[in-house]
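Keep in mind that this is a model prediction, so the values were computed, not measured.
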Amino acid sequence: MRFVDSYSFLEKLRSLIYELMELTDKTEGELREASTSVKLGLPSMLKGGVIMDVTNPEQAGVAEDAGAVAVMVLDKLPYDVRKSGGVARSADIKVIEDIMSNITIPVSAKCRIGHYQEARLLEEIGVDLIDESEVLTPVDDKGHINKWSFSVPFVNGARGLPEALRRIGEGSSMIRTKGEAGTGDVSEAVRHMKALTKDIKFLASSLEGGDDVIRKYSRKNAVPYELALLTARLGRLPVVNFAAGGIATPADAALMMWLGADGIFVGSGIFKSNDPQRRAEAIVLATSCWNDPEKVVEAQRMVTEGSALTGLDIRSLRPEEILQVRGE
Amino acid sequence: MVRVGVLALQGDFLEHLEVLQNLAETRLIMGAKDFNADGGIDALVLPGGESTTIGRLLEATALKSELIEKIKEGMPTLATCAGTVLLAKRIKDRVVGETDQQRLGVMDISVIRNGFGRQSNSFECKVELKGIGAVKASFIRAPRIDSVWGSAEPIGYINHPKVGRTIVGAVQSNIIALTFHPEIHGDEKVHRTLISMVRR
């Protein structure tokens, strides 16, 4: 089964849920807005690219010039969220709007897990993608936003296949492996990507033995059976999957692409370094050309280790400082 | 079998490869050396994605001059969305105006990036393309072709409720340029047309 086939399967799932929820599409004449292919299409166009965390229009301009496929607007970079403590919320509307009117690439913004109204605000001002993110302080420890009822696509974090399929089951259009944001330590991103791949391979190899194994997997992990089966048939996640959390160098980005990511999120890694412009360009090059060692070397040469985000060894974090456990 | 090279620097090249899988042999084009590997290629696809990103990478990978040469030599070429932006001689953005972004600049068309608005204005509909037929089309932050001159000519229009009647597809000798994505619907019609343009 091809990745393009997943669009029509998710369209059917959406139709069913829409009918049950009594939701309707926005249509104007022959045009259908916010359809499944339109919502899944946006992340699909970002594949092979880098989405960069920014906090103001200047940084957004640097990101665009460096070749970012989109920017993610935050109030504080994850590294600073860690340092400052307190409650982390969505960025100022004015800042997001300023960025939207200054650059030509898609603008994404973060809302808190479960914060339906922050998400509605972001949808209302017209951001292109919403990240329901564990980097901000969750408002609901029991559940996530029902993303089927939004016309804007969402991206959600996951530490493995079960979380990813639960989010897709809630209507998410894109997944990013969580990693541990704001650390500059890519080890957790590696762990999450490998966990995801391992489960996908397991499901794909279970297909021949009838669907008992897949049923058992979906029950044990509390994921929709239909999505587990679709994943098994596709042999990959049914939506676009980026890697995030701790990516700080071109080599980090190439590593995550090699592990099967469709693209890269870089948070603190760029604008907490001492060479943001060069580093942004280098990470874009390494993400696109990850399979060409010459190009990755060229990218890595563009930056120096002395300028990189110093980083935090994730083993030194206290349990309450770990962000990835938020919102399972 | 016809060999089709798909530019694979960034964007939805996977979808194009999947649509082509039963129609042609495919090659990923990621550097200048890929043009001549395994017997070379007969046709070219420029996928959707972010045109600013792909433009920068064309420069960084030295693919830009190579692509311009192949297209000018007459290699059948299909472009969707960002690919069409890259082909255009003139590029404007709906919000920020004229851009100086990297481009191939080989087609006599002028495009307006994000011509229908942001993602909230993205849509899908049917499009009737002259010489190709009706295709399912998704317009994802799509550009509009606002003028066509010289040897380029329009092959498809839509009537958009806000924008009005607008060109969504154009051809210029060996080039088919679309502002939307038939590939994410798995639609093969356009790709079949591309392959039929390859001289045997």
Side-chain angles (χ1 to χ4, degrees), chain A residues 2-5 7-8 26-42 44-50 64-70 100-108 123-124 126-129 151-153 240 262-263 281 284-285 287-289 291-292 294-295 298-299, chain B residues 8-19 21 28 30-31 47-57 59-61 81-82 91 93-96 99 101-102 113-114 116-126 136-141 158-162 181 183-187:
Chain A
R2 306 171 304 173
F3 182 61
V4 284
D5 299 321
Y7 289 85
S8 58
K26 265 204 292 178
T27 54
E28 284 196 72
E30 299 295 296
L31 312 184
R32 265 179 87 207
E33 291 185 344
S35 65
T36 306
S37 69
V38 166
K39 283 170 77 177
L40 295 176
L42 179 92
S44 252
M45 299 311 144
L46 305 177
K47 294 202 295 279
V50 182
E64 180 180 41
D65 289 343
V69 287
M100 282 167 48
S101 56
N102 273 296
I103 60 172
T104 65
I105 57 176
V107 175
S108 179
E123 179 177 60
E124 188 58 34
V127 302
D128 299 295
L129 176 73
S151 56
V152 58
V240 167
D262 292 318
E281 287 173 20
V284 168
L285 181 62
T287 299
S288 171
C289 302
N291 208 12
D292 180 345
E294 244 175 67
K295 288 284 168 214
E298 187 187 323
Chain B
L9 293 176
Q10 191 274 318
D12 75 332
F13 51 86
L14 172 64
E15 283 82 343
H16 280 285
L17 289 169
E18 288 183 341
V19 171
Q21 83 186 5
L28 294 176
M30 304 179 81
E50 274 307 308
S51 60
T52 46
T53 305
I54 301 173
R56 269 203 67 93
L57 289 164
E59 192 78 351
T61 54
C81 200
I91 308 173
D93 179 83
R94 201 178 57 94
V95 178
V96 309
T99 72
Q101 65 187 89
Q102 291 286 347
R113 286 181 58 203
N114 307 317
F116 301 94
R118 310 192 69 90
Q119 171 65 10
S120 55
N121 306 111
S122 292
F123 59 92
E124 65 171 271
C125 66
K126 275 252 162 63
K136 246 185 142 178
S138 278
F139 293 77
I140 314 282
R141 288 173 51 95
I158 58 165
N159 271 314
H160 189 275
K162 293 190 190 86
H181 303 282
E183 72 278 7
I184 66 174
H185 296 282
D187 199 315

Chemist: Could you tell me whether the side chain of B:S138 and the main chain of A:V38 form a donor-acceptor pair under 3.5 Å?
Modeler: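 No, the answer is negative, given that no donor and acceptor are paired below the 3.5 Å cut-off.
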Chemist: Do the side chain of B:E124 and the main chain of A:E33 share a donor and acceptor less than 3.5 angstrom apart?
Modeler: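 Such a contact is absent between B:E124 side chain and A:E33 backbone.
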Chemist: To the nearest 0.5 Å, what is the distance between CG on B:L17 and CZ on A:R2?
Modeler: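 Spacing of CG (B:L17) from CZ (A:R2) equals 11.5 Å.
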Chemist: Out of A:P106, A:P153, A:G48, A:A34, return the one with the most heavy atom pairs under 4.5 angstrom to chain B.
Modeler: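 It is A:P106.
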Chemist: Without swapping roles, check the side chain of B:K126 against the backbone of A:E30 for a donor-acceptor pair under 3.5 Å.
Modeler: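 Checking the backbone N and O of A:E30 against the side chain of B:K126, no donor-acceptor pair under 3.5 Å is found.
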Chemist: Could you check A:M45 against B:H181 for side chain to side chain contact (heavy atoms under 4.5 Å, CB included), going step by step and ending with a plain yes or no?
Modeler: CA-CA 10 Å; A:M45 299 311 144; B:H181 303 282; 3.3 Å; yes
Chemist: Within the 4.5 Å heavy-atom criterion, are A:L42 and B:S122 side-chain neighbours or not?
Modeler: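 No, their side chains stay 4.5 Å or more apart.
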Chemist: A side-chain contact here means heavy atoms from C-beta on lying under 4.5 Å apart; do B:H160 and A:L31 qualify?
Modeler: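 B:H160 reaches A:L31 side chain to side chain.
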Chemist: Would you confirm whether B:T52, through its side chain, and A:G67, through its main-chain N or O, come within 3.5 Å as a donor-acceptor pair?
Modeler: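 No, B:T52 side chain to A:G67 backbone: no donor-acceptor pair under 3.5 Å.
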Chemist: Which region of A:E281, side chain (C-beta onward) or backbone (N, CA, C, O), has a non-hydrogen atom less than 4.5 Å from a non-hydrogen atom of chain B, or is it both or neither?
Modeler: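 Answer is side chain: those atoms of A:E281 sit under 4.5 Å from chain B.
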Chemist: Show your reasoning for whether side chain to side chain contact (heavy atoms under 4.5 Å, CB included) applies to A:K47 and B:D12.
Modeler: CA-CA 6 Å; A:K47 294 202 295 279; B:D12 75 332; 4.2 Å; yes
Chemist: So do the side chains of A:S37 and B:H185 get within less than 4.5 Å of each other, counting heavy atoms only?
Modeler: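 When only atoms from C-beta onward are counted, B:H185 and A:S37 do touch, with a gap below 4.5 Å.
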Chemist: Sort out for me which of A:A70, A:S35, A:C289 touches chain B most, counting heavy-atom pairs under 4.5 Å.
Modeler: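 Ranked by heavy-atom pairs under 4.5 Å with chain B, first place is A:S35.
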Chemist: So, taking the atom named OG1 in A:T36 and the one named CD1 in B:I184, what distance separates them when rounded to the nearest 0.5 Å?
Modeler: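 One finds 10.5 Å between OG1 of A:T36 and CD1 of B:I184.
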Chemist: Donor-acceptor pair, distance only, cut-off 3.5 Å: does the side chain of B:E18 make one with the backbone of A:V4?
Modeler: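 It does hold such a pair.
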Chemist: With a 4.5 angstrom heavy-atom cut-off, is it the side chain or the backbone of A:V240 that approaches chain B, or both, or neither?
Modeler: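 The answer is neither part of A:V240.
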Chemist: For A:V69 and B:E50, work out which heavy atoms get closest and say how close.
Modeler: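 For A:V69 and B:E50, the tightest heavy-atom pair comes out as O-CG, 3.3 Å.
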Chemist: Chain A heavy atoms under 4.5 Å from B:Q21: which part of the residue, side chain, backbone, both or neither?
Modeler: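 For B:Q21, side-chain heavy atoms alone lie under 4.5 Å from chain A.
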Chemist: Could you tell me whether the side chain of A:D292 reaches within less than 4.5 Å of the side chain of B:M30, counting heavy atoms only?
Modeler: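 A side-chain contact is absent here, since even the closest heavy-atom pair is not under 4.5 Å.
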Chemist: Does some side-chain heavy atom of A:V284 sit less than 4.5 Å from a side-chain heavy atom of B:L57?
Modeler: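 They are in contact (side-chain heavy atoms under 4.5 Å apart), so the answer is yes.
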Chemist: Tell me, do A:F3 and B:E15 make a side-chain contact under 4.5 Å, heavy atoms counted?
Modeler: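 Side chain of A:F3 against side chain of B:E15, heavy atoms only: contact under 4.5 Å found.
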Chemist: Using non-hydrogen atoms only, which part of B:S51 is less than 4.5 Å away from chain A: side chain, backbone, both, or neither?
Modeler: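 Interface part for B:S51: neither.
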Chemist: Which one wins on heavy-atom pair count under 4.5 Å against chain A: B:K136, B:Q101, B:R94, B:Q10?
Modeler: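 The answer is B:Q10.
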Chemist: Counting heavy-atom pairs under 4.5 Å with chain A, which one of B:C125, B:C81, B:G55 comes out on top?
Modeler: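 Of the candidates given, the most pairs with chain A belong to B:C125.
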Chemist: Okay, side chain of B:R56, backbone of A:D65: is any donor-acceptor separation there less than 3.5 Å?
Modeler: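 Yes, B:R56 side chain to A:D65 backbone: donor-acceptor pair under 3.5 Å.
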Chemist: I'd like to know which of B:G11, B:G49, B:A60, B:A8 tops the heavy-atom pair count under 4.5 Å against chain A.
Modeler: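 The residue among B:G11, B:G49, B:A60, B:A8 with the greatest pair count is B:G11.
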Chemist: Name the member of A:S151, A:G263, A:G126 that forms the most heavy-atom pairs with chain B at distances under 4.5 Å.
Modeler: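 Among A:S151, A:G263, A:G126, the one with the most close pairs to chain B is A:G126.
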Chemist: What is the minimum heavy-atom distance between A:M100 and B:R118, and which atoms define it?
Modeler: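 Closest heavy-atom pair between A:M100 and B:R118: O-NH1, 3.4 Å.
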Chemist: Using the side chain to side chain contact (heavy atoms under 4.5 Å, CB included) rule, take A:L129 and B:Q119 through it: C-alpha gap first, then chi angles, then the decisive distance, then the call.
Modeler: CA-CA 8 Å; A:L129 176 73; B:Q119 171 65 10; over 6 Å; no
Chemist: How many angstroms lie between atom NZ of A:K39 and atom CD1 of B:I140, to the nearest 0.5 angstrom?
Modeler: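 Spacing of NZ (A:K39) from CD1 (B:I140) equals 12.0 Å.
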Chemist: How far apart are the closest heavy atoms of B:R113 and A:T104, and which atoms are they?
Modeler: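 Answer, listing the atom of B:R113 first, then A:T104: NH1-OG1, 2.9 Å.
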